[in-house]
Number of protein chains: 2
Amino acid sequence: MTVAELSLLPHRPADRHPGGDPRSTASSEILSTVTLFPAGAEIYAEGEKCGTFYQVEFGAVRVYRLSVDGRRQILAFHLAGETFGLEPFQTHHFFAEATCATGIRMRRTAPMQDRAAEDLLPMALTGLVRAQEHLLVLGRQNSLERVAAFLLDLSERQGGLGEVELPMSRIDIADYLGLTIETVSRSFSKLRQKGIIRLSSMRSVEFVRPQCLRDMAAG
Amino acid sequence: MTVAELSLLPHRPADRHPGGDPRSTASSEILSTVTLFPAGAEIYAEGEKCGTFYQVEFGAVRVYRLSVDGRRQILAFHLAGETFGLEPFQTHHFFAEATCATGIRMRRTAPMQDRAAEDLLPMALTGLVRAQEHLLVLGRQNSLERVAAFLLDLSERQGGLGEVELPMSRIDIADYLGLTIETVSRSFSKLRQKGIIRLSSMRSVEFVRPQCLRDMAAG
DNA sequence: CGAAAAATTGATGGGCGTCAAGTCAAGTGG
DNA sequence: CCACTTGACTTGACGCCCATCAATTTTTCG
């Protein structure tokens with residue numbers, strides 16, 4: 001996969017200035033380059049050297065590992081506005097790929113300097129909390145509960161409105177929830193048939209009865 | 001459950017001096033109290049205020065959460081020599097209990113001071129790595145693979161010899177691996193029948209064919 | 001030794017994986 | 001604009017793994 005590069009102002013999709021040259025502005029130190037990754041493009045691979053932080057500008061990223069027989073477990077999705085790339089080793093133990101057309105701001109880290117630890121801790125803790133929540137889902141919930149919990153999690157991270165955009169395929173969702181795409185699909189259908197959600201499009205879910213979802217996800 | 005307190009020198013079981021008064025020795029700042037928790041005793045509970053670090057002297061600890069309908073998911077075991085208690089909120093979101101007779105050294109943390117962050121990061125990262133490994137197991141492995149991975153993990157953390165002491169019940173193992181005690185028991189039996197392990201006692205597992213275990217756990 | 005808890009073993013059923021076919025959406029070229 | 005292709009998603013049929021229920025054995029501990 002090829003990768004296009006373009007210079008952008010920091011942060012929000014609305015802030016993008018594809019025409020200008022943002023490097024010439026006053027606040028030059030917080031500026032950086034945003035790279036565009038098409039769906040499926042690799043951001044980093046298992047075995048590569050660590051040392052870069054990534055911030056998602058738009059789109060989404062999957063971080064996963066493969067077992068020897070090809071089974072894939074997605075450990076985390078990273079959505080617009082979120083930061084990732086911290087791993088406690090010299091080399092990456094995971095793969096990171098864009099799940100759809102995704103813009104990513106990359107920042108090379110000073111290799112383990114003094115100030116760094118303070119920035120790192122919140123990042124590590126966020127990852128830890130997410131992983132722990134994820135463990136509860138994988139360990140003890142059935143397929144419907146998993147999908148409900150997933151939709152709610154996405155919704156909260158997108159701002160908590162009654163509509164969720166799914167920036168990833170069913171396969172990605174399945175590999176995140178420890179299910180198959182068929183089971184994920186059936187779960188969506190069941191939620192739809194029960195009038196709990198509505199699928200305005202393939203990748204857009206509307207919460208018709210949000211409390212129902214919450215009750216299910218609570219397990 | 002009641003809790004007995006006794007003063008001890010730091011770290012290893014062999015270091016214990018239940019008779020003397022270790023506080024009067026020269027290296028007084030690293031001294032602290034070791035509390036003895038009988039099997040099942042609560043160390044902290046969901047909702048309690050954070051602010052203490054714990055180091056396991058001997059025995060083991062389970063950290064878990066309950067869902068509304070009573071299902072329990074154990075997120076982590078902490079064995080002799082390991083440290084725990086870090087949670088990124090003001091109050092605990094989990095329960096911590098001794099899985100067997102357990103000695104724990106407790107150290108109250110300066111509430112978020114400067115130096116603290118540096119000590120915290122390795123702890124957070126260890127937790128993160130463990131949680132991620134655990135996610136792979138819960139997401140994609142069958143019961144035999146889970147038990148194999150669990151035994152190997154315990155073995156490594158105990159020094160990597162061909163014998164593992166299980167400082168927890170089958171129920172604890174089941175709730176850690178997202179299985180039932182029956183399935184855990186059957187998995188042990190199957191591994192035993194295949195000549196891969198031997199159960200020298202209820203809570204002591206000998207690796208007869210370690211490579212077999214590793215092949216299974218690799219998934 | 002006797003009671004209670006823990007662990008094992010067996011029988012049965014359900015949920016989810018697997019295999020397979022069908023539907024839908026998006027893109028391409030004529 | 002429409003036939004065709006391709007990939008993603010959905011739906012159905014079937015089987016297996018593991019949960020559930022139940023009985024028995026083993027271990028622990030008073």
Side-chain angles (χ1 to χ4, degrees), chain A residues 1 38-40 60 62 67 69-73 99-101 137-148 150-151 165-194 197-205 216 219, chain B residues 1 38-40 62 67 69-73 99-101 137-151 165-194 197-205 216 219:
Chain A
M1 300 255 184
R62 59 176 173 252
S67 56
D69 59 354
R71 285 176 289 184
R72 183 178 75 159
Q73 177 64 46
T99 62
C100 59
V137 172
L138 295 195
R140 287 294 174 214
Q141 314 247 86
N142 63 31
S143 59
L144 261 187
E145 294 169 337
R146 291 183 199 207
V147 171
F150 174 73
L151 290 176
E165 296 302 313
L166 303 176
M168 72 283 290
S169 69
R170 300 288 192 268
I171 296 185
D172 286 333
I173 298 175
D175 284 350
Y176 178 74
L177 296 178
L179 302 170
T180 61
I181 59 172
E182 293 94 334
T183 300
V184 170
S185 182
R186 275 185 258 266
S187 300
F188 273 109
S189 298
K190 215 171 284 178
L191 290 174
R192 188 163 39 77
Q193 285 157 16
K194 290 186 178 183
I197 63 170
R198 185 156 45 202
L199 293 169
S200 20
S201 85
M202 194 74 67
R203 293 199 168 184
S204 183
V205 179
M216 304 183 61
Chain B
M1 301 256 183
R62 59 174 172 253
S67 56
D69 59 356
R71 285 176 288 184
R72 183 177 75 157
Q73 177 64 45
T99 61
C100 59
V137 172
L138 294 194
R140 288 291 174 219
Q141 315 247 88
N142 63 31
S143 59
L144 260 187
E145 293 169 338
R146 292 183 198 206
V147 170
F150 174 73
L151 291 176
E165 297 301 313
L166 303 176
M168 72 283 289
S169 68
R170 299 288 191 268
I171 296 185
D172 286 333
I173 298 174
D175 284 350
Y176 179 75
L177 295 178
L179 302 170
T180 62
I181 58 172
E182 292 94 334
T183 300
V184 170
S185 183
R186 274 185 258 267
S187 300
F188 273 111
S189 298
K190 215 170 285 180
L191 289 174
R192 186 162 39 76
Q193 287 158 16
K194 290 187 178 182
I197 63 171
R198 186 156 46 201
L199 293 168
S200 22
S201 85
M202 195 70 68
R203 292 197 171 187
S204 184
V205 178
M216 305 183 60

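Computed from heavy atoms alone, side chains included, the values below leave out hydrogens, waters and symmetry copies. Labels below follow one simple rule: chain letters A, B, ... track the order of the sequence lines, proteins then strands, and each chain is numbered from 1.
Exactly one residue among B:R72, B:R62, B:R71 makes a side chain to side chain donor-acceptor pair (under 3.5 Å) with B:D175. That residue is B:R72.
Nucleotide C:dA4 holds its C1' atom 14 Å from the CD1 atom of B:I171, rounded to whole Å. Atom CG of A:L144 and atom P of C:dG15 are 10 Å apart (whole Å). Rounded to a whole Å, the CD1 atom of B:I181 is 9 Å from the C1' atom of C:dT8. Look at CZ on B:F188: it is 12 Å from P on C:dT9, rounded to the nearest Å. One interatomic measurement links the two molecules: CG of B:L179 to P of D:dT20, which rounds to 11 Å at whole-angstrom precision. Remark: C1' of C:dA7 and CG of B:D172 are 14 Å apart, rounded to the nearest angstrom. What separates CE of B:M168 from P of C:dA6 is a distance of 15 Å, to the nearest Å. Rounded to whole Å, the distance from CZ on B:R140 to C1' on C:dT18 is 13 Å.
In this structure, A:L166 CG and A:L151 CG are separated by 6.5 Å, a value rounded to the nearest 0.5 Å. The distance from atom CD1 of A:I197 to atom OG of A:S204, rounded to the nearest 0.5 Å, is 10.5 Å.
Counting heavy-atom neighbours within 6.0 Å of B:R198 CZ, excluding the residue itself, gives a total of 12 or less.
Listed nucleotides: D:dC18, C:dT8, D:dC9. Nearest to the side chain of B:T183: D:dC18. Distance from the side chain of A:S189 is smallest for D:dT11 among the nucleotides D:dC9, D:dT11, C:dT8.
Between the side chain of A:R186 and the base of C:dT18, a donor-acceptor pair under 3.5 Å is found.
At the heavy-atom level, B:S169 lies under 4.0 Å from the strands shown only through sugar-phosphate atoms. Among the atoms of the strands shown, base atoms are found under 4.0 Å from some heavy atom of B:T180.
Between A:E182 and A:N142, the residue whose closest nucleotide on DNA chain C is further toward the 5' end is A:N142.
The shortest side-chain heavy-atom distance between A:V137 and A:Y176 does not fall under the 4.5 Å cut-off.
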